[in-house]
There are 2 protein chains.
Amino acid sequence: MLADVARAAGISESTASRALKDDPRIGETTRAAVRAAAASLGYVPNAAARSLRAKRTQILGLLLDDLADPVHGQLAAGFEEAAAAQGYAVFMMTGLHDPERENRALRTFLEHRADGIALASCVIDPSDVYEQVSRLRVVFVQPDYPGLIDDGAPSHGFLLIDDAAGVSAAVRHLVDLGYRRMAYVGAGGTTSDRMRRATATAVIGAVSGASLRVYDAGLAGWRDPSMVANALAADRPEAVICYDDKLALALIDALRLTSLDVPNDVAVVGFDGIVQAGRSRPRLTTVAVPSVELGRRAVGMLVAAARDGTMAPTEVMPVRLVLGETTPSRSVDDGTDGATGVAAGATLVHGA
Amino acid sequence: MLADVARAAGISESTASRALKDDPRIGETTRAAVRAAAASLGYVPNAAARSLRAKRTQILGLLLDDLADPVHGQLAAGFEEAAAAQGYAVFMMTGLHDPERENRALRTFLEHRADGIALASCVIDPSDVYEQVSRLRVVFVQPDYPGLIDDGAPSHGFLLIDDAAGVSAAVRHLVDLGYRRMAYVGAGGTTSDRMRRATATAVIGAVSGASLRVYDAGLAGWRDPSMVANALAADRPEAVICYDDKLALALIDALRLTSLDVPNDVAVVGFDGIVQAGRSRPRLTTVAVPSVELGRRAVGMLVAAARDGTMAPTEVMPVRLVLGETTPSRSVDDGTDGATGVAAGATLVHGA
DNA sequence: TTGTAAGCGTTATCAT
DNA sequence: ATGATAACGCTTACAA
């Protein structure tokens with residue numbers, strides 16, 4: 001402890017404390033002596049004691065759905081990296097879409113007085129959270145919160161993915177390529193799922209002669225995509241828009257046992273841009289989300305809020321449509337192809 | 001803070017403290033009053049203050065290579081789950097194989113007085129770590145530490161994967177299927193890599209007529225496996241044992257651009273058993289590692305050590321050979337097939 | 001430039 | 001059954 005260091009250096013605790021944090025009013029000699037003493041004693045400051053006094057912990061809390069999920073792993077990596085770079089340690093907890101677990105995690109963060117808390121894909125209600133934590137200390141990252149659809153996003157403290165632009169770009173791209181009879185395969189009806197589905201419906205509804213049939217792999221179906229694959233094989237849509245890449249890849253795999261060949265009989269697009277999508281055969285066309293950057297930005301918002309005393313405004317992260325091999329140009333050209341263009345808000349990228 | 005709760009309940013701080021932690025000598029009436037006061041005031045205990053007194057933080061530290069990596073993600077998920085179940089919060093930091101980052105992480109854990117620290121795939125020397133932390137508080141999970149090969153594993157505080165049994169099982173399986181001219185593709189010469197390579201060499205060396213050629217995708221090659229793929233296409237081995245699944249899948253993908261077809265011209269086996277291996281086409285034969293369980297066990301060892309005052313003995317986690325479609329039986333049977341059997345220590349599993 | 005002393009929010013040890 | 005008080009290790013006015 002500090003007292004030992006001070007004693008060894010033959011000075012008072014306060015001087016030792018100051019010397020170790022490079023307070024300008026400490027003499028070089030003293031400073032060197034303190035440093036030497038600290039080093040030889042193997043002194044390691046006690047963060048708990050420090051923060052008890054300082055009222056700042058240099059701790060951030062990150063709540064994720066599941067660390068084993070590729071998207072969340074990326075988010076976590078970006079978050080940790082940015083936090084470490086700013087001198088923050090990170091508590092990471094998983095919520096698994098379980099409100100109880102999420103609340104326990106939140107509670108843990110609060111007990112440890114985290115300077116900032118990021119809640120990714122959480123299912124708990126933001127207003128419940130705001131009752132327990134200052135708005136300056138929380139950021140919601142792509143939360144599963146119905147209010148986003150009904151009332152739109154709050155003006156501050158939210159970090160979102162541009163679901164609409166992403167799906168819109170994907171659908172328009174398919175339309176440009178000549179696809180008309182489409183399907184959307186959802187995954188359980190989360191807010192994001194509903195948003196993407198609604199966008200697909202809307203965009204396709206505006207194209208004459210185009211149709212969209214909606215499926216839901218649901219929570220149960222997620223484990224067994226073959227049921228959806230069979231349904232698709234029966235309905236034979238020309239293109240399938242999947243809720244995310246995981247679902248898309250599982251579906252492509254399941255479709256191998258059916259009469260539908262990807263991409264010759266049916267095109268497929270995913271969402272997220274997970275690494276796997278760029279390595280699968282055929283390469284998956286997908287809407288890439290900057291997951292790592294999302295994590296970094298969350299840290300940025302929290303740190304800025306702590307510094308400035310104002311929570312940063314809500315941000316919508318841009319996505320980019322990455323063209324793979326699952327969406328070839330339709331061989332049978334119907335003549336209406338053309339410059340539909342990519343939806344505003346999403347970039348178009350060729351290759352993975 | 002507690003003082004407010006005490007005041008609201010009309011009793012002393014000590015009583016309030018006791019009431020909240022269900023001290024048996026507090027009356028029901030008082031307890032109820034305190035609870036009510038705490039709830040209405042939204043009291044959240046301060047972990048820093050608590051641990052300052054208690055000398056226990058209920059914090060564990062986990063150092064990983066990279067959160068975005070599937071294997072580490074699984075490990076992290078298992079670790080977090082087990083920790084949360086035991087009431088511990090987890091600091092997670094990434095080392096990225098950089099000794100400096102690893103030391104910074106360690107330092108952070110120490111400053112926060114983590115009750116236990118798990119170092120996964122770290123490159124820093126265990127003896128350096130033991131100089132800073134009590135052996136009771138650290139567990140090394142599959143560290144990249146040469147001493148493991150030279151001197152064997154320390155008797156306590158290590159959690160290892162059975163590299164030898166895994167590779168041995170894989171190679172014997174290939175031999176049983178009739179493969180003789182084999183290749184091992186390493187990835188940069190980590191301890192684990194060297195261990196697997198040495199095992200492959202040894203096992204194959206004991207089979208008459210069998211040979212092993214060693215390649216190293218290295219750190220640079222990892223990003224561009226096509227170079228290795230081309231080399232393999234030139235040498236045309238019958239089977240390739242890859243350091244891990246990531247490499248195996250990348251290699252299989254790269255091989256598509258060569259004259260070698262997987263699995264008809266060349267068999268491939270991986271290591272780790274990542275989710276992706278069970279979803280690829282063809283399904284990858286791999287040595288599955290219980291990554292989630294590894295994380296859980298690390299917590300188990302740390303918590304037990306804190307409880308018992310003795311670090312648990314080193315454990316070697318069993319692996320299982322999972323048969324996919326990348327290792328079909330050799331069409332040209334050389335007659336020496338037979339009951340080589342699977343190496344002791346590894347289980348054989350059919351299907352993914 | 002350095003030292004003194006109070007206090008951060010809890011808990012544990014004594015008393016009562 | 002409950003209360004007063006010291007202590008945990010550090011920071012920071014305020015003095016000197």
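The shown structure was predicted, so the numbers you read here are calculated from the model rather than taken from an experiment. Naming convention: chains lettered A, B, ... in sequence-line order (proteins, then strands); numbering from 1 in each chain.
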Between [X] and [Y] (salt bridge meaning N to carboxylate O under 4.0 Å), is one present in this structure?
| X | Y | value |
| --- | --- | --- |
| B:Glu111 | B:Arg107 | yes |
| A:Asp23 | A:Arg25 | yes |
| B:Asp22 | B:Arg35 | yes |

Using only heavy-atom distances, decide whether a donor-acceptor pair under 3.5 angstrom links the side-chain of B:Arg53 to the base of D:dA7.
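Counting by modelled atom types and ignoring angles, a donor-acceptor contact under 3.5 Å is found here.
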Under the 3.5 Å rule, do the base of D:dA4 and the side chain of B:Ser14 count as making a donor-acceptor pair?
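Looking at the base of D:dA4, it does pair with a donor or acceptor on the side chain of B:Ser14 (distance under 3.5 Å).
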Contact class for A:Thr30 vs. all strands (heavy atom < 4.0 Å): base, sugar-phosphate, or nothing?
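Sugar-phosphate: the residue A:Thr30, judged by heavy atoms under 4.0 Å, touches backbone atoms but no base.
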Please confirm whether A:Tyr130 and A:Phe140 have ring centers closer than 6.0 angstrom.
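Here the rings of A:Phe140 and A:Tyr130 have centres that are less than 6.0 Å from each other.
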Starting at atom [atom1] of [X], determine the distance to atom [atom2] of [N], rounded to an integer number of angstrom.
| X | N | atom1 | atom2 | result |
| --- | --- | --- | --- | --- |
| A:Arg7 | D:dC10 | CZ | P | 12 Å |
| A:Met1 | D:dC8 | CE | P | 7 Å |
| A:Asn46 | D:dA7 | CG | C1' | 14 Å |
| A:Leu20 | D:dT11 | CG | P | 8 Å |
| B:Ile11 | D:dT2 | CD1 | C1' | 9 Å |
| B:Arg18 | D:dT5 | CZ | C1' | 12 Å |
| A:Asp22 | D:dT11 | CG | C1' | 16 Å |

Please give me every residue in residues 109-117 of chain B whose heavy atoms get under 4.0 Å of an atom in DNA chain D, ordered by residue number.
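Under 4.0 Å from DNA chain D: no residue of residues 109-117 of chain B.
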We want to know whether [X] and [Y] form a side-chain donor-acceptor pair, criterion being a heavy-atom distance below 3.5 angstrom.
| X | Y | result |
| --- | --- | --- |
| B:Gln58 | B:Ser51 | no |
| A:Ser17 | A:Ser14 | no |
| B:Arg101 | B:Thr94 | yes |

Given [N], is OP1 or OP2 found less than 4.0 Å from the side-chain N or O atoms of [X]?
| X | N | value |
| --- | --- | --- |
| B:Ser12 | D:dG3 | yes |
| B:Lys55 | D:dC8 | no |
| A:Arg50 | D:dT11 | yes |

With no hydrogens and no angle check, is any side-chain donor or acceptor of A:Glu102 less than 3.5 Å from a backbone partner on A:Val123?
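Pair found, side chain donor or acceptor close to backbone of A:Val123.
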Mapping A:Arg25 and B:Gly27 onto DNA chain D by nearest heavy atom, which one lands closer to the 5' end?
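With A:Arg25 and B:Gly27 compared, the 5'-side residue is B:Gly27.
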Range on DNA chain C touched by chain B, heavy atoms, distance below 4.0 Å:
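For DNA chain C, the relevant span reads C:dG9 to C:dC14.
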Show every salt bridge (Lys or Arg N to Asp or Glu O under 4.0 Å) that has at least one partner inside residues 45-57 of chain A, sequence neighbours left out.
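Sorted pair list comes back empty.
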